[in-house]
Novice: 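Submitted below is the structure of interest, expressed as structure tokens.
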Amino acid sequence: MIEGKRVVVVMPARGGSKRLKHKNIFPVLDKPMLAWGVEACKQSKYIDDVFVSSEDEVILSVAKEVGAIPLLRPAELAGDTVFKMHAVRQAVQMIQDDTTQPKPDIVVVLQPNSPEVKTEDIDGALLKLLQYKRQEVFSVDKNLNQNAAFRVLTIEAVFQKDLSTNCGVFVADYEDIHTEEDVRRVEERLKSLRSNV
């Protein structure tokens with residue numbers, strides 16, 4: 001909880017992945033892939049709610065099982081060529097339209113196929129957004145290349161039509177998963193982290 005601000009997470013998790021069927025719930029160390037991100041967010045000191053947006057009922061069911069709030073996405077926003085932010089905006093609009101809840105001030109867009117995501121990184125990016133008064137803070141790898149694992153945005157930045165010019169970055173050296181080979185490599189990385197704790 002950040003005083004006076006509601007922070008929500010939106011995980012876009014469509015069902016039509018081609019290289020790895022049902023990628024977003026594919027097991028990683030015996031847990032559905034998106035569960036790793038949901039758990040990291042649930043442990044955050046600042047996040048109020050975690051939503052999963054999908055057109056796929058199986059993914060939405062798994063999301064609910066692991067503690068996220070499912071949001072049914074229209075099929076037309078689940079195609080291969082749909083820009084991810086279009087689906088995110090639709091999900092955030094649904095959240096805003098829920099009159100039983102306060103409207104969100106900050107949105108974390110979290111990619112479900114980055115299961116290495118850490119609570120402290122999400123929290124660190126949130127604090128950076130506020131401390132430096134950014135519109136957006138996005139994750140980059142150790143070479144400072146954007147890795148798409150997460151983006152933290154003000155509510156205004158979610159709905160703006162142009163790219164943010166008032167941005168910051170947060171180093172979070174994660175690997176995205178797109179194939180079974182990626183799964184095995186990330187599982188080894190996760191096992192290595194566990195053994196070093």
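Quantities reported herein were computed from a predicted structural model and do not represent experimental measurements.
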Novice: Closer than 3.5 angstrom, by distance alone: can the side chain of T119 be matched with the main-chain N or O of A40 as a donor-acceptor pair?
Specialist: yes
Novice: In this structure, would M85 and M94 fall into the same cluster of hydrophobic residues linked by side-chain contacts under 4.5 Å?
Specialist: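 M85 clusters together with M94.
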Novice: Hey, is the main chain of Q160 close enough, under 3.5 Å, to the side chain of R89 for a donor-acceptor pair?
Specialist: yes
Novice: Does a salt bridge link E188 with K191, judged by any charged N lying under 4.0 Å from a carboxylate O?
Specialist: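 Result for this pair is yes, salt bridge flagged.
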Novice: Report yes if the side chains of L190 and W36 come closer than 4.5 Å at any heavy-atom pair, otherwise no.
Specialist: yes
Novice: Is P112 close to M33 at the side-chain level, that is, under 4.5 Å between some pair of heavy atoms?
Specialist: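 No, their side chains stay 4.5 Å or more apart.
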Novice: Apart from L77 itself, which Ile, Leu, Val, Met, Phe, Trp or Tyr residues share its cluster (side-chain heavy atoms under 4.5 Å, direct or through members)?
Specialist: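 Once heavy-atom contacts under 4.5 Å are chained together, L77 belongs with V82.
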Novice: Please assess D56 against S54 for the test side-chain hydrogen bond (donor to acceptor under 3.5 Å, both in side chains), listing each intermediate value before the final yes or no.
Specialist: CA-CA 5 Å; D56 188 296; S54 183; 5.3 Å; no
Novice: Could you walk me through whether F150 and S114 pass the side chain to side chain contact (heavy atoms under 4.5 Å, CB included) check?
Specialist: CA-CA 9 Å; F150 61 76; S114 298; over 6 Å; no
Novice: Is it the case that the side chain of N143 and the backbone of N145 share a donor-acceptor pair, with hydrogens and angles ignored and the cut-off at 3.5 Å?
Specialist: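 Here the side-chain-to-backbone pair does not exist.
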Novice: So, does K84 use its side chain to make a donor-acceptor pair with the main chain of P12 at under 3.5 Å?
Specialist: no
Novice: Distance from L127 atom CG to I2 atom CD1, nearest 0.5 Å?
Specialist: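 Between L127 CG and I2 CD1, I get 6.0 Å after rounding to 0.5 Å.
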Novice: Heavy atoms only: give me the nearest A157-Q135 pair and the separation to one decimal.
Specialist: CB-O, 3.5 Å
Novice: For the residue pair F51 and V8, establish whether any side-chain heavy-atom pair is separated by less than 4.5 Å.
Specialist: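 Yes, side chains in contact.
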Novice: Is it true that a side-chain atom of D176 and a backbone atom of A148 form a donor plus acceptor pair closer than 3.5 Å?
Specialist: no
Novice: Check whether any side-chain N or O of K103 sits under 3.5 Å from a backbone N or O of Q96 as a donor-acceptor pair, and report yes or no.
Specialist: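 Confirmed, K103 side chain pairs with Q96 backbone.
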Novice: Could R6 and D49 be called an ion pair, given the rule that one side-chain N must be under 4.0 Å from one carboxylate O?
Specialist: yes
Novice: Is the backbone of A149 close enough, under 3.5 Å, to the side chain of S139 for a donor and an acceptor to pair up by distance?
Specialist: yes
Novice: Taking the side chain as C-beta and beyond, is there a heavy-atom pair between L110 and V50 under 4.5 Å?
Specialist: no
Novice: Is D30 atom CG crowded by more than 12 heavy atoms from other residues, nucleotides or ligands, each under 6.0 Å away?
Specialist: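 Check fails, neighbour count at 12 or below.
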Novice: Between D123 and K45, which heavy-atom pair has the shortest distance, and what is it?
Specialist: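 Closest heavy-atom pair between D123 and K45: OD2-N, 3.4 Å.
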Novice: Please examine the side chains of V171 and L144, heavy atoms only from C-beta on, and report whether any two atoms are closer than 4.5 Å.
Specialist: yes
Novice: What's the verdict on salt bridge (Lys or Arg N to Asp or Glu O under 4.0 Å) for R14 and E55, showing C-alpha distance, side-chain angles and the deciding distance?
Specialist: CA-CA 6 Å; R14 73 186 188 96; E55 86 295 357; 5.8 Å; no
Novice: So, are K42 and E39 salt-bridged, with charged N and O less than 4.0 Å apart?
Specialist: no
Novice: Can you name the nearest heavy-atom pair linking G37 to V117, along with the distance?
Specialist: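 Nearest pair, atom of G37 first, then V117: CA-CG1, 3.7 Å.
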Novice: Would you find more than 12 non-hydrogen atoms of other residues, nucleotides or ligands less than 6.0 Å from Q101 atom CD?
Specialist: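 Atom CD in Q101 is crowded, with more than 12 foreign heavy atoms closer than 6.0 Å.
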Novice: When clusters are formed by joining ILVMFWY residues with side-chain heavy atoms under 4.5 Å apart, either directly or through shared neighbours, do L126 and V88 land in the same one?
Specialist: no
Novice: Show, in sequence, the C-alpha distance, side-chain angles and deciding distance for R184 and E181, and conclude whether the salt bridge (Lys or Arg N to Asp or Glu O under 4.0 Å) test is met.
Specialist: CA-CA 5 Å; R184 304 304 161 226; E181 183 180 318; over 6 Å; no
Novice: Evaluate whether atom NZ of K118 has more than 12 neighbouring non-hydrogen atoms of other residues, nucleotides or ligands under 6.0 angstrom away.
Specialist: yes
Novice: Test of understanding: with salt bridge (Lys or Arg N to Asp or Glu O under 4.0 Å), list the residues that count as partners of D182, not counting sequence neighbours.
Specialist: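 Partners of D182 by the salt bridge (Lys or Arg N to Asp or Glu O under 4.0 Å) criterion, ordered by chain and then number, come out as R185.
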Novice: Check whether N24 reaches the backbone of I59 with its side chain - one donor and one acceptor, N or O, closer than 3.5 Å.
Specialist: no
Novice: Mind listing the closest non-hydrogen atom pair of L34 and A63 along with its distance?
Specialist: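 Looking at all heavy atoms of both residues, the shortest contact is CD1-CA, 4.1 Å.
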Novice: Is it possible for you to say whether I69 and V38 belong to one hydrophobic cluster, with membership spreading through side-chain heavy-atom contacts below 4.5 Å?
Specialist: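 No; V38 is not reachable from I69 via cluster members.
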Novice: What are the two closest heavy atoms between R73 and A78, and how far apart are they?
Specialist: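 Nearest pair, atom of R73 first, then A78: NH1-CA, 4.1 Å.
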Novice: What's the spacing between E120 CD and S44 OG if we round to 0.5 Å?
Specialist: 10.5 Å
Novice: Could you check whether any side-chain heavy atom of I95 comes within less than 4.5 Å of a side-chain heavy atom of V10, counting everything from C-beta outward?
Specialist: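 Yes, at least one pair of side-chain atoms sits under 4.5 Å.
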Novice: Checking side chain to side chain contact (heavy atoms under 4.5 Å, CB included) for the pair L130/K5: CA distance, chi angles, key distance, verdict?
Specialist: CA-CA 11 Å; L130 294 169; K5 295 192 182 296; 3.8 Å; yes
Novice: Any side-chain heavy atom of L20 sitting closer than 4.5 Å to one from T179?
Specialist: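 Result no, sub-4.5 Å side-chain heavy-atom pair not found.
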Novice: Could you give me the CA-CA distance, side-chain angles and deciding distance for D121 and Y174, then say whether side-chain hydrogen bond (donor to acceptor under 3.5 Å, both in side chains) is met?
Specialist: CA-CA 11 Å; D121 290 342; Y174 308 142; 2.4 Å; yes
Novice: Atom CD1 in I122, atom OH in Y46: separation rounded to 0.5 Å?
Specialist: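 Interatomic distance, I122 CD1 to Y46 OH, rounded to 0.5 Å: 12.5 Å.
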Novice: Kindly indicate whether the side chain of I155, heavy atoms from C-beta on, has any atom under 4.5 Å from the side chain of P104.
Specialist: yes
Novice: Go through the steps to decide whether F159 and V92 satisfy the test side chain to side chain contact (heavy atoms under 4.5 Å, CB included), and finish with yes or no.
Specialist: CA-CA 9 Å; F159 290 102; V92 174; 3.8 Å; yes
Novice: Does the R134 side chain pair with the main chain of Y132, one donor and one acceptor, at a distance under 3.5 Å?
Specialist: yes
Novice: Between R151 and E136 (salt bridge meaning N to carboxylate O under 4.0 Å), is one present in this structure?
Specialist: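 Between E136 and R151 there is a salt bridge, with a charged N closer than 4.0 Å to a carboxylate O.
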Novice: So which heavy atom on F26 is nearest to which on K21, and how close?
Specialist: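 In terms of heavy atoms, the two residues are closest at CD1-O, 4.2 Å.
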Novice: Going through the distances and angles, do V169 and V137 end up as a side chain to side chain contact (heavy atoms under 4.5 Å, CB included)?
Specialist: CA-CA 5 Å; V169 300; V137 171; 5.8 Å; no
Novice: Tell me if a side-chain donor or acceptor on D141 pairs with a main-chain N or O of D173 at a distance below 3.5 Å.
Specialist: no
